[in-house]
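These notes are about the structure you will find just below.
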Amino acid sequence: MKSRLARAAYRRLGGHSAAKLTRLNGYDHQPKYPRLLIKLLFAITAGVLPAWQTQADTTAQAIAFNCRNCHTTDGAATAPPTLDNLSAPRIRESLLAFKYDQKPATIMPRIAKGYSDTELAAVADLLGRH
Amino acid sequence: MAACSRRRFLQFAAASPAALLSGCSLFPGKSCSKAHVVVVGGGFGGATAAKYLRLLAPELRVTLIEPKTSYITCPGSNWLFADLTDIRQLTVNYRALSSGYDIKLITDSVSRIDPAGRRLTLAGGQTLGYDRLVLSPGIDFHWNTLPGYDAATAEIYPHAWQAGPQTLLLQRQIQAMPDGGMVLISAPAEPYRCPPGPYERASMIACWLQQHKPRSKVMILDAKTGFSKQKLFEAGWAKYFGYGGGDSMLEWHSIADNPLIELDTATGTLYTDFGDKFQGQVLNIIPPQQAGRIARESGLTDTDGWCPVNAMDSSSRFEKHIHVIGDAARYAPIPKSAFAANSEAKACALAVVSLLKQQAPPDPQWLNACYSLITPEHGISVAGVYGLNAEQRVETVKGAGGLSRGNDEREERLEAGYALGVYRSLVVDSFGSAYST
């Protein structure tokens, strides 16, 4: 292993000073960015919650929450990719392709196999509401 | 707790489960709008629970109690040993949760919980009422399981299993060690926080030693006969550190049948039952663990030291209005990881909000995805999808999850990148913002 590799990884992890990260991420000590995010999330959930009528809806919501563990962006251009610009059909297509091994990836095929096609479609519909 | 809801909740508590699950609303509409949920513990579980409670039910009052003003994440802390990060990058605070999500933050610890009165007392003397309590207290250590190893000895031979000063102490010791020295890591039996952690740590230490002290070694003494992601770790160790050969930088030995029985603190020597002795210049002893103090003192733990829960709604088996999540709770087969704590917190938040609205909680959905670095360019992962089985217990969804394929350099590089990206995402999703600046 070479030290330049270590440095490359370090740059990916952050690599910059906290101050620079703050600038990159567009927020300061009193973060403006999270406030916007929160308003957005409130708006999304406000749209979703009244639709809590069927078990399928609540299941999709519960599953979709877990997508955010990896797919919550803080503005840095790192993988895994943000879902914020993807449409519901595009997300649905990808999830099904992951599940049936038609789209190569490292971890998503392992995760997508845990859900029914209907669940994946419902999750895509939720995530595609921007 | 708001006075108006106290009496109603007492009535609610007396209501039959059948009425509850039928969706029969005893107190319709907004009766729960002033409900108060207290979250104890500001790690990944508690932070996520507080945030998602507010997202799901903006009308809910949410209080988060945590003694520290900032939190150093255990995930990512092994990367420190290979100089890939620093403590500052691993530190988050609670400002985004308190200002951005309107969560009331109390910087104190809980000294006592009164489950019958649904009140808790803080170390500072203040008392708080709650409608529902979410407990995410993390782990404490079982000191003296290895005779000679206690909290004081840990200041000489660090565990570094709660990130912070202990992590820095271990790093300083490795940096100060003469070339040709031995780093011993004692890995505990299951269950414990972060099953692949000791092996990622050994990898990161070996990476650093290879560059800075190439005649040195790191050796894991394991209370288990096998470990998480073993094949992937061993393949990587063989590739980079000569694992399995006569002069390997990294060795792993199971001592499951020959356990450690003594630590000689004067010489840094570990003795086993059969009389083997292992001496190291640096000793990283990861002790057996149990649920955090407040869970044990509140009668929420079993004899094994962990909190049994009704997985359906994350409530304690012993106290109906207390929900337990994270490493302290027993959600096996879900491993004790920050990622899992975040997922358990979301399921818990959904359940708590449903219960407050006198609705049946949705079927919980849990996910775990856990990345480890073997080198900065070689990442590996394990994933698991979990749900309830017919007996209402946690079950791994068959046909899903599992390990990285392995033996594919492109994917190893990709997963090294994902390890860092997922870490950042998990921090933002849990704490509302990354980095304490």
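All values below were derived from every heavy atom in this structure, side-chain atoms included, with hydrogens, water molecules and symmetry-related copies excluded. Naming convention: chains lettered A, B, ... in sequence-line order (proteins, then strands); numbering from 1 in each chain.
A/C70 places a side-chain heavy atom less than 4.5 Å from the side chain of B/F339. Two residues are said to be in side-chain contact when any heavy atoms from C-beta on lie closer than 4.5 Å; A/N69 and B/K346 meet this criterion. Between A/Q61 and B/Q365, every side-chain heavy-atom pair lies at or beyond the 4.5 Å cut-off.
In this structure, the salt bridge (Lys or Arg N to Asp or Glu O under 4.0 Å) partners of B/E412, at least two apart in sequence or on a different chain, are B/K239. For A/N66, the side chain to side chain donor-acceptor pair (under 3.5 Å) criterion is met by B/S343, not counting sequence neighbours.
Contact residues of residues 90-106 of chain A toward chain B are A/A105, A/T106 (heavy-atom distance under 4.5 Å). By a heavy-atom distance cut of under 4.5 Å, A/I107, A/R110, A/I111, A/K113, A/G114, A/Y115 are the residues of residues 107-121 of chain A near chain B, going up by number.
Proximity to chain A (any heavy atom under 4.5 Å) is shown, for B/L373, by neither the backbone nor the side chain. Proximity to chain A involves both the backbone and the side chain of B/L367, based on heavy atoms less than 4.5 angstrom apart. In this structure, chain A has heavy atoms under 4.5 Å from both the backbone and the side chain of B/A383. Using a 4.5 Å cut-off between heavy atoms, B/Y371 touches chain A through its side chain atoms alone.
Counting heavy-atom pairs under 4.5 Å between each of B/S430, B/S381, B/G399, B/A419 and chain A puts B/S381 at the top. Between chain A and the residues B/T48, B/T396, B/V385, the largest count of heavy-atom pairs under 4.5 Å involves B/V385. Ranked by heavy-atom pairs under 4.5 Å with chain A, the list B/G401, B/A349, B/G387, B/G384 is led by B/G401.
To the nearest 0.5 Å, atom CZ of residue A/F65 and atom CG of residue B/N342 are 11.0 Å apart. The line from SG of A/C67 to CG of B/D429 is 10.5 Å long, rounded to the nearest 0.5 Å. B/L55 CG to A/R68 CZ: the interatomic distance, rounded to the nearest 0.5 Å, is 11.0 Å.
A/T58 places no side-chain N or O within 3.5 Å of a backbone atom of B/P362 that could act as its donor or acceptor partner.
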